[in-house]
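Following: one structure in structure tokens, then a few remarks.
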Protein chains: 2
Amino acid sequence: MEFQEGKAKFIESWGKMASDWGINRTMAQVHALLLIAPEAMTADQVMEELDISRGNANMNIRALMDWGLVHKQLKSGERKEFFVAEKDMWTVVRQIIINRKKRELEPMIKVLDELASVEPDAPESEHFCEVVQDIRKFSNKANQTLDTLIKADSNWFTNMFLNLVR
Amino acid sequence: MEFQEGKAKFIESWGKMASDWGINRTMAQVHALLLIAPEAMTADQVMEELDISRGNANMNIRALMDWGLVHKQLKSGERKEFFVAEKDMWTVVRQIIINRKKRELEPMIKVLDELASVEPDAPESEHFCEVVQDIRKFSNKANQTLDTLIKADSNWFTNMFLNLVR
DNA sequence: ATTTGTTTTCAATAATTCCTGAAAATTACA
DNA sequence: TGTAATTTTCAGGAATTATTGAAAACAAAT
């Protein structure tokens with residue numbers, strides 16, 4: 001396969017996968033572009049390559065910085081801002097875990113904790129409480145595990161995979 | 001908290017979380033409703049409780065059955081179809097893993113395999129190939145791990161959590 | 001075979017999410 | 001301080017995704 005074709009395919013697939021996971025397609029495409037860029041890029045270059053507007057480019061680069069997946073790089077003598085993607089895959093995955101945990105898992109756990117105050121007084125509410133407790137236990141375990149994962153280093157993570165697969 | 005309030009909050013939150021994860025909100029709300037229902041429900045009851053159309057209810061119940069999260073239940077003497085949610089949390093999580101792996105991870109891996117045929121002949125394509133290989137390794141490891149997880153039983157999974165947290 | 005109850009489909013529409021582009025704000029420089 | 005380059009914001013519009021509702025298909029009972 002040609003490099004140019006591969007590049008296009010990679011950007012498209014990365015975007016597709018992201019949108020399956022509830023993440024803005026363009027944000028992921030910008031991420032893909034910066035991931036495979038050997039050098040830091042300006043917003044203008046991103047606009048140009050992906051054929052998107054300035055506002056869109058700005059918005060998504062900003063979001064990627066919020067996620068800790070892209071960093072701003074200032075070049076001396078240059079007025080424009082340059083952006084580089086975090087290239088270490090383990091760091092990338094870790095940042096995604098950190099963010100999704102904070103944005104989605106933790107709020108859900110908070111709700112489940114509130115729901116734990118429902119009294120099981122009738123058959124209906126009894127079953128409700130059971131389900132809530134099950135999910136609650138599961139979520140808390142997942143949350144703890146993710147905390148551990150986040151603190152762990154790359155090798156630790158690889159080793160976990162190996163242990164599981166073995 | 002009152003049971004009715006808790007129920008409404010659970011359904012709403014489950015739907016919210018799902019839509020964050022790229023899953024149809026209503027599908028998740030139907031799932032939540034069936035999860036906490038002590039008895040099997042008909043499509044009409046689902047429509048009524050969630051205040052959605054027949055078409056919408058049918059479509060999402062069907063999708064939940066595709067995911068293996070809801071089962072059809074026929075009652076003798078009854079003409080209508082009844083639906084029950086899978087209540088075992090480990091089975092629920094496993095089914096979700098199975099489906100998302102097949103729908104999203106595997107197609108991505110297939111693309112990455114194709115991209116592996118790009119020749120690293122210039123600085124740009126060289127870096128591209130490196131990134132693709134990194135992601136490829138990661139994805140394959142994740143895929144293998146998920147295969148193992150899927151085969152594992154509930155205790156095994158719980159033990160893994162405990163091991164990681166310890 | 002016909003009626004009646006139930007489920008499924010799908011074109012039209014509604015709701016949501018995303019993107020644009022130009023104006024405003026910010027920043028660097030002379 | 002004024003000017004020019006750059007970034008940010010955001011209202012309006014475009015694109016995508018979800019929902020409705022009524023007709024068609026199907027299934028059970030008579």
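These numbers were taken from a predicted model, which means no experiment stands behind them. A, B, ... follow the sequence lines: proteins, then strands. Residue 1 opens every chain.
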Original post:
Between atom CE in Met27(A) and atom C1' in dT17(C), what is the gap in whole Å?
Top reply: 15 Å

Original post:
Short question: side chain of Gln95(B), backbone of Val92(B) - any donor-acceptor pair under 3.5 Å?
Top reply: no

Original post:
Could you give the CG-to-C1' distance, from Asn24(A) to dT17(D), as a whole number of Å?
Top reply: 14 Å

**OP:** To the nearest Å, give me how far apart CG (Leu74(A)) and P (dA28(C)) are.
**Re:** 9 Å

**OP:** Salt-bridge test for Glu49(A) and Lys7(A): reply yes if a basic N is under 4.0 Å from a carboxylate O, no otherwise.
**Re:** yes

Subject >> Under-3.5 Å donor-acceptor pair between Arg79(B) side chain and dA29(D) base >> reply: no

Original post:
Once you round it to whole Å, what is the distance between P of dT8(C) and CE of Met47(B)?
Top reply: 13 Å

Original post:
Arg62(B) side chain: which of dT7(C), dC18(C), dT8(C) is closest?
Top reply: dT8(C)

Original post:
Roughly, in whole Å, what's the span from CG in Asn56(B) to P in dA22(D)?
Top reply: 15 Å

Original post:
Given that Ser19(A) and Glu81(A) both sit by DNA chain D, which one's nearest nucleotide is further toward the 5' end?
Top reply: Glu81(A)

**OP:** Figure out the CD/P separation between Gln45(A) and dT6(D), and round it to whole Å.
**Re:** 12 Å

Subject >> Note: Lys101(A)-Asp147(A) ion pair, threshold 4.0 Å (strictly below) >> reply: yes

Subject >> Selection from dT6(C), dT7(D), dT20(C) that lies nearest to any side-chain heavy atom of Ile52(A) >> reply: dT20(C)

Original post:
Closest nucleotide of DNA chain C for Arg25(B) versus for Asp44(B): which of these residues is on the 5' side?
Top reply: Asp44(B)

Original post:
Hey, does the side chain of Asn60(A) come within less than 4.0 Å of dC18(C)'s phosphate (OP1/OP2), counting only N and O?
Top reply: no

Original post:
Which nucleotide, dT7(D), dG21(C), dG21(D), lies nearest any side-chain atom of Ser53(A)?
Top reply: dG21(C)

**OP:** Could you please name the option among dT19(D), dC19(C), dT8(C) that lies closest to any side-chain atom of Thr26(B)?
**Re:** dT19(D)

Original post:
dT20(D), dT9(D), dT6(C): which one has an atom nearest the side-chain heavy atoms of Asn58(A)?
Top reply: dT9(D)

Original post:
Met59(B) has an atom CE; how far is it from atom C1' of dT17(D), in whole Å?
Top reply: 10 Å

Original post:
Asp51(A) has an atom CG; how far is it from atom P of dA15(D), in whole Å?
Top reply: 13 Å

**OP:** May I ask you to decide whether Arg54(A) forms a salt bridge with Asp44(A), counting only side-chain N to carboxylate O separations under 4.0 Å?
**Re:** yes

Original post:
Do the side chain of Ser117(A) and the main chain of Met1(B) share a donor and acceptor less than 3.5 angstrom apart?
Top reply: yes

